[in-house]
Each structure stands twice: as C-alpha cells, then as structure tokens.
Amino acid sequence: MLRHSWNLTIRQAMALQRRLAPRVLQAPLDGPVRRIAGADCAFVGGGKAVVASAVLCDARTLEVSATAWAVEPCRFPYVPGLLSFREAPAVIAALRKLDQPIHLLMCDGQGRSHPRRLGLASHVGLYLGLPTIGVAKSRLCGEHGTPGRRRGSRRALLDGQEVIGCVLRTRTGVKPLYISVGHRVNLEDAVNWTLRCTRGFRLCEPSRQAHLLVTALAKRLGQGL
DNA sequence: GCGACAG
DNA sequence: ATCTTGTCGC
C-alpha cells in the first residue's frame, strides 16, 4: 500500500519512479486466485478527462462477475515511460469501486519492463498492494527475438543481461503480447496466468472485457462532455 | 544530434 | 489513446 501525490512535474515523476521501483515485489503468487481484475482507459472530451473501467472475472470460468468505472480529469501529458501518471488515478478509482476483493490484477501496459522498472502495472500494484501483471500490446523497451508462430511460444524480453519480461504468443499466428511482472508475482506465474485467461482472442479475458467496457463508456460519455 | 517511444 | 470506411479473410 502506498499514498502519494499525482500532481507532479515530469522531473518529479521520474524521481518518484526511481524511488518506488525497489519496493516492487517479485515472488510467486501467494494465496488462492479466485477473482482476476482487468482495467483499461479511454479519453473523452478531446483528451480532457480519463475514463477507466475495472472488471472482475471468475478465475475458473472467466465470466465477468462485477464491473465498475470512474472518470478523472487528465492531469498529465502522454510521455513514454510516464504513463501511470496519466492513467493510474482513474484506474485506481475504478478498482476501488469494485465490491469484491481482487486476487490478481491485469493492467494494460508494462510492469517491470520499463526504463526505470516501474510501469503502470507495477505502480498500480504497489499503490494498492495488489498482485499485478503487466499486459502490453507493444514494446516500450528491451530487446527480443521473434517467438514461434504458435500459441504459447515465447521469448525473453531483455535489457542487457536482465530479463525484464516475456514476449508471449497468446494466439497462433497473431502479434504477441508483452508480459511483465507488475507486483507480488514472478514472470513465470504472470505468463501462466495470462495464458490461462486467454480464450481465442489475442488479449486475456480480463483485459479484453475491460477494453470493451471502457470503449462503450467513452462512447456514451463522449456526448455529455 | 538522431532515432525510439506502453496508451 | 484518438481521428476514420470499407474490406480481405477465417
């Protein structure tokens, strides 16, 4: 758990990331995982506000068991590497509105696979004290080879000698996902849970459902703003 | 200085 | 992320 201001300059934000990164926990998932949350963002009002969705999926059936959302003013520009200062406040607000406890969270973006090892998934995980996995659709940093064409094929995402994530094919013949440790999980569990939560689409179900919800919300809210 | 660059 | 229609393919 953590509590700090989100109203920072770019320089302060980068300093905060360096200060928080050492507090990220990389360990096997503890406790039973019954409910998995997914969160995603969209922008409305010409980029003036951020809408975030939070969905809870049953870990066994992957059915959606609860949803919530929140709108926050957009207080930070998009700067590669500082995404959490733009999206996390809304994501955190939405997650706090879920009525059931979250056992694992899948965030749309990087976790440890970040220049300062504190991507959105790690920042949100640390802030809420939740086990979190970073599920990104493209690369922010690091190098990797091309994974095999089949679902389940993977390649390490490397920053020099350090393994910072995994490039994972979640669907045969489709562009891979960039999986990384957010908080309180290890890369192995992160990859296994991502595969376990994927059903015929590139995105894992919690992330996919969160994206569908936030897209619908943005479309509906886009008018009244 | 040049290119890269989550959403 | 967002601005945007149809279209090729399973």
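Chain naming here is simple, since letters A, B, ... match the order of the sequence lines and numbering starts at 1 in each. Note that the structure is predicted; figures quoted are calculated from it, not measured.
- Every side-chain contact (heavy atoms from CB on, under 4.5 Å) that Pro131(A) has, sequence neighbours left out, goes to Leu29(A), Leu104(A), Arg184(A), Val185(A).
- The side-chain tip of Arg208(A) points at the ring of Phe201(A) from less than 6.0 angstrom away and within 45° of straight on.
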- What would the secondary structure line of DNA chain B be in dot-bracket form, counting Watson-Crick and G-U wobble pairs under 3.5 Å, with [ ] for pairs that cross earlier ones and | for pairs with another strand? .......
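- No continuous path of ILVMFWY side-chain contacts below 4.5 Å connects Val51(A) to Leu98(A), so the two sit in separate hydrophobic clusters.
- The pair Arg60(A)-Glu63(A) does not count as a salt bridge, with every side-chain nitrogen at least 4.0 angstrom from each carboxylate oxygen.
- Considering Thr132(A), Val55(A), Val135(A) as possible partners of Met106(A), the one that fulfils the side-chain contact (heavy atoms from CB on, under 4.5 Å) test is Val135(A).
- Under a hydrophobic-cluster definition in which Ile, Leu, Val, Met, Phe, Trp and Tyr are linked whenever side-chain heavy atoms come within less than 4.5 Å, directly or via other members, Leu95(A) and Tyr127(A) are assigned to the same cluster.
- Rounded to whole Å, atom P of dA1(C) lies 22 Å from atom CZ of Arg75(A).
- Pairs engaging residues 3-13 of chain A under the side chain to side chain donor-acceptor pair (under 3.5 Å) rule: His4(A)-His123(A), Thr9(A)-Gln12(A) [sequence neighbours left out].
- Each of Arg117(A), Arg139(A), Arg116(A), Arg112(A) was evaluated against Asp159(A); a single residue qualifies, Arg117(A), per the salt bridge (charged side-chain N to carboxylate O under 4.0 Å, His left out) test.
- Heavy-atom contacts from other residues, nucleotides or ligands closer than 6.0 Å to CZ of Arg199(A) number more than 12.
- Secondary-structure stems of DNA chain C, taken as three or more successive Watson-Crick or G-U wobble pairs (i with j, i+1 with j-1) under a 3.5 Å distance threshold, are lacking entirely.
- Of the candidates Asp40(A), Val50(A), Leu221(A), Val214(A) forms a side-chain contact (heavy atoms from CB on, under 4.5 Å) with just one, namely Asp40(A).
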- Query: For every nucleotide of nucleotides 1-7 of chain B, 5' to 3': is a protein heavy atom under 4.0 Å from its base (B), only from its sugar-phosphate (S), or from neither (-)?
  - Reply: ---SBBB
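- Taking the side chain as every heavy atom from C-beta outward, Val124(A) and Ser84(A) never approach each other to under 4.5 Å.
- The side-chain contact (heavy atoms from CB on, under 4.5 Å) test with Leu82(A) is passed by exactly one of Leu120(A), Ile10(A), Leu118(A), Leu16(A): Ile10(A).
- Taken residue by residue, residues 154-183 of chain A places no heavy atom nearer than 4.0 Å to DNA chain B.
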